[in-house]
Novice: 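Mind looking over this structure? Questions follow.
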Amino acid sequence: MSAEPARAPEPGRAPGRHVLILGGTTEARRLAEALAGAPAQAQAQAGDEARAELRRGGPACPPGQAVRVTTSLAGRVAAPVLPPGETRIGGFGGPSGLARWITAHGVTDLVDATHPFAERMSFNAAEAAALTGVPLLALRRPGWTPGPGDAWTFADSLADAAAVLPGLGGRAFLTTGRMGLHAFAHLTDTWFLVRSVDPPAAPAPARLEVLLDRGPFTLEGERELLARHRIDVLVTKDSGGAATAPKLTAAREAGIPVLVVRRPPVPEGVAEAGSVAGALRALRYDHAH
Ligand code: NAP
């Protein structure tokens with residue numbers, strides 16, 4: 001940690017730091033745990049990499065200076081797993097609404113830790129950061145890449161995925177989330193196993209079984225699921241995260257093709273971290289002192 005004294009608060013800003021995390025992902029929760037928790041507590045919760053980072057430098061804040069952490073959730077999931085620190089739920093009302101919230105609550109650091117497919121919110125965050133002058137860090141997990149034995153086909157959108165799906169299989173395990181189900185609703189010859197946290201709403205495909213479940217999932221569980229439902233194609237977004245996901249490994253083992261929806265574009269010129277540990281590093285060294 002640097003020996004320089006903490007920077008004096010700017011006029012109109014509350015003393016100390018207030019980190020606003022735009023969440024809805026495991027990484028967002030881990031970051032809130034690491035920032036909001038006492039170091040010992042955070043070390044127990046934050047995962048191996050973040051644990052090592054905390055051991056190296058302590059919490060992302062000079063000693064004696066409190067970090068206030070607020071996580072914002074869109075409110076899509078009925079019973080979300082709430083992170084430590086403060087939580088607010090629901091949209092801000094576009095980039096200007098987010099900018100107003102940032103100013104009104106003395107936010108000093110904005111972290112976009114939304115899902116790689118939450119395209120609108122990432123652009124809103126970039127615009128709000130530009131409007132307020134508050135630094136923005138995007139926490140973006142790396143995407144997946146196919147390895148030996150993988151049979152992946154890429155699609156640019158859910159609509160493109162629906163167009164090529166019938167050529168790949170007739171019994172699809174659809175893991176792209178309940179919100180985009182309408183893109184597949186017209187496929188009457190395909191049978192779908194859909195896994196989501198909350199029940200999907202119409203329009204949805206006619207031949208459909210819904211599995212309500214929340215990760216993390218195991219390789220053994222994914223193998224069993226593919227076999228039990230005689231799945232012959234897996235559809236996934238390139239959500240990324242760990243080097244691979246059990247569903248991708250299970251599909252490779254079973255020789256099942258995978259249809260991967262590519263990530264949408266991200267705003268240009270935003271500082272990025274690929275992991276919670278990287279985000280902790282960037283938050284401390286970029287503007288903590
Ligand atoms: P989106 O299309 O990028 O955002 C749509 C609107 O939802 C935004 O304009 C914003 O409303 C509100 N919103 C999104 N994220 C928010 C947040 N963290 N806090 C407050 N408001 C938020 O997002 P989405 O794809 O619907 O995803 C919604 C949430 O689910 C995100 O937080 C994301 O991390 C999580 N999630 C998404 C996916 C996915 O595949 N898309 C998967 C897993 C988790 P206002 O303009 O009114 O502020």
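Every number for a ligand or one of its atoms is a count from 1 in the order of the listing. Heads up: numbering here begins at 1 and tracks the sequence.
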Novice: Verify the neighbour count for atom CD of Glu209: are there more than 12 heavy atoms of other residues, nucleotides or ligands below 6.0 Å?
Specialist: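 Counting other residues, nucleotides and ligands, CD of Glu209 exceeds 12 neighbours.
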Novice: I'd like to check which ligand 1 atoms, numbered from 1 as shown, lie under 4.0 Å from a non-hydrogen atom of Gly23.
Specialist: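 Atoms satisfying the 4.0 Å criterion: 18 (N), 31 (C), 32 (O), 33 (C), 34 (O).
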Novice: Applying the 4.5 Å side-chain criterion to the ILVMFWY set and letting contacts propagate, would Leu193 and Leu181 be lumped into a single cluster?
Specialist: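 No, Leu193 does not connect to Leu181 through the hydrophobic network.
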Novice: Taking N or O atoms only and a 3.5 Å limit, does Arg76 qualify as a polar contact for ligand 1?
Specialist: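 Yes.
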Novice: Could you list the atoms of ligand 1 found under 4.0 angstrom from a heavy atom of Lys237?
Specialist: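 Near Lys237, meaning under 4.0 Å from one of its heavy atoms, ligand 1 has 39 (C), 40 (O), 41 (N).
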Novice: Indicate yes or no for a side-chain donor-acceptor contact from Lys237 to the backbone of Val261 under 3.5 Å, with no hydrogens or angles considered.
Specialist: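 A pair under 3.5 Å: no.
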Novice: Side chains of Leu73 and Thr87: does their closest heavy-atom pair fall under 4.5 Å?
Specialist: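 A side-chain contact under 4.5 Å exists here.
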Novice: May I ask whether Asn124 places a heavy atom under 4.0 Å from ligand 1?
Specialist: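 It does; at least one heavy atom falls under 4.0 Å.
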Novice: Anything under 30° is parallel, anything over 60° is perpendicular, the rest tilted; go ahead and classify His115 against Phe117.
Specialist: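 Ring orientation, 0 to 90° scale: tilted.
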Novice: If the plane angle is over 60° it's perpendicular, under 30° parallel, otherwise tilted; pick one for His18 and His105.
Specialist: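 Perpendicular: the ring planes of His18 and His105 meet at over 60°.
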Novice: Who's the nearest protein heavy-atom neighbour of atom 37 (C) of ligand 1, and how far?
Specialist: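 Ranked first by proximity to atom 37 (C) of ligand 1 is His115 CB, 3.5 Å.
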Novice: Got a donor-acceptor contact below 3.5 angstrom from the Asp150 side chain to the Trp152 backbone?
Specialist: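 Side chain of Asp150 to backbone of Trp152: no pair is present.
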Novice: Can you pull out the closest protein heavy atom to atom 11 (O) of ligand 1? Residue, atom name and distance to 0.1 Å, please.
Specialist: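 Ranked first by proximity to atom 11 (O) of ligand 1 is Gly91 CA, 3.7 Å.
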Novice: Going by the atom numbers of ligand 1, which of them fall below 4.0 Å from some non-hydrogen atom of Gly94?
Specialist: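 Atoms satisfying the 4.0 Å criterion: 45 (P), 46 (O), 47 (O), 48 (O).
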Novice: Considering heavy atoms of the protein only, find what lies nearest to atom 25 (O) of ligand 1 and give residue, atom and distance to 0.1 Å.
Specialist: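 Answer for atom 25 (O) of ligand 1: Ala118 CA, 3.6 Å.
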Novice: Is it the case that ligand 1 has an N or O less than 3.5 angstrom from some N or O of Thr25?
Specialist: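 No, since none of the N or O atoms of Thr25 sits under 3.5 Å from an N or O of ligand 1.
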Novice: Is Phe92 in polar range of ligand 1, meaning some N or O pair under 3.5 Å apart?
Specialist: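 Yes.
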Novice: Which ligand 1 atoms does Glu119 reach within 4.0 Å, using its non-hydrogen atoms?
Specialist: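 Answer, ordered by atom number: 3 (O).
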Novice: Which residue and non-hydrogen atom of the protein lie closest to atom 29 (C) of ligand 1, and at what distance in Å?
Specialist: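 Atom 29 (C) of ligand 1 sits closest to the protein heavy atom Ala74 CB, 3.7 Å.
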Novice: Which atoms from ligand 1 have a heavy atom of Phe117 less than 4.0 Å away?
Specialist: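 Selected atoms, number and element: 25 (O), 39 (C), 40 (O), 41 (N).
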Novice: For ligand 1, which atoms have a heavy atom of Ser72 less than 4.0 angstrom away?
Specialist: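 It comes down to these atoms of ligand 1: 17 (C), 18 (N), 19 (N), 20 (C).
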Novice: Of the protein's non-hydrogen atoms, which lies at the shortest distance from atom 2 (O) of ligand 1, and what is that distance?
Specialist: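 Result: Arg120 CB, 3.9 Å.
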Novice: Among all protein heavy atoms, pick the one closest to atom 44 (C) of ligand 1 and tell me residue, atom and distance.
Specialist: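 The answer is Gly24 O, 3.3 Å.
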Novice: Check whether any N or O atom of Gly93, backbone or side chain, sits under 3.5 Å from an N or O atom of ligand 1, and answer yes or no.
Specialist: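 So ligand 1 has an N or O lying under 3.5 Å from an N or O of Gly93.
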Novice: State whether the side chain of Arg88 and the backbone N or O of Thr70 hold a donor-acceptor pair below 3.5 Å, judged by distance alone.
Specialist: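 No; judged by distance alone, with no hydrogens or angles, the pair does not exist.
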Novice: Run the side chain to side chain contact (heavy atoms under 4.5 Å, CB included) test on Leu22 and Phe92 for me, step by step, so that the C-alpha distance in whole Å, both residues' side-chain angles and the decisive distance to 0.1 Å come before the verdict.
Specialist: CA-CA 11 Å; Leu22 305 174; Phe92 293 92; 3.9 Å; yes
Novice: Apply the test side chain to side chain contact (heavy atoms under 4.5 Å, CB included) to residues Trp144 and Val260: give CA-CA distance (whole Å), side-chain angles for both, the deciding distance (0.1 Å), then the verdict.
Specialist: CA-CA 9 Å; Trp144 289 315; Val260 180; 5.6 Å; no
Novice: Which distance, rounded to the nearest 0.5 Å, do you find between the CG of Leu31 and the OG1 of Thr71?
Specialist: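 Going from CG on Leu31 over to OG1 on Thr71, the span is 8.0 Å.
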Novice: Can you tell me the protein heavy atom closest to atom 3 (O) of ligand 1 and the distance?
Specialist: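 Of the protein heavy atoms, Met121 N, 2.8 Å lies nearest.
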Novice: Can you sort out which atoms of ligand 1 are near Gly90, meaning under 4.0 Å from one of its heavy atoms?
Specialist: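 Per the distance check, 20 (C), 21 (N).
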Novice: For Gly221, does its backbone N or O pair with a side-chain atom of Thr218 as donor and acceptor, under 3.5 Å?
Specialist: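 Side chain of Thr218 to backbone of Gly221, a donor-acceptor pair under 3.5 Å: yes, one is there.
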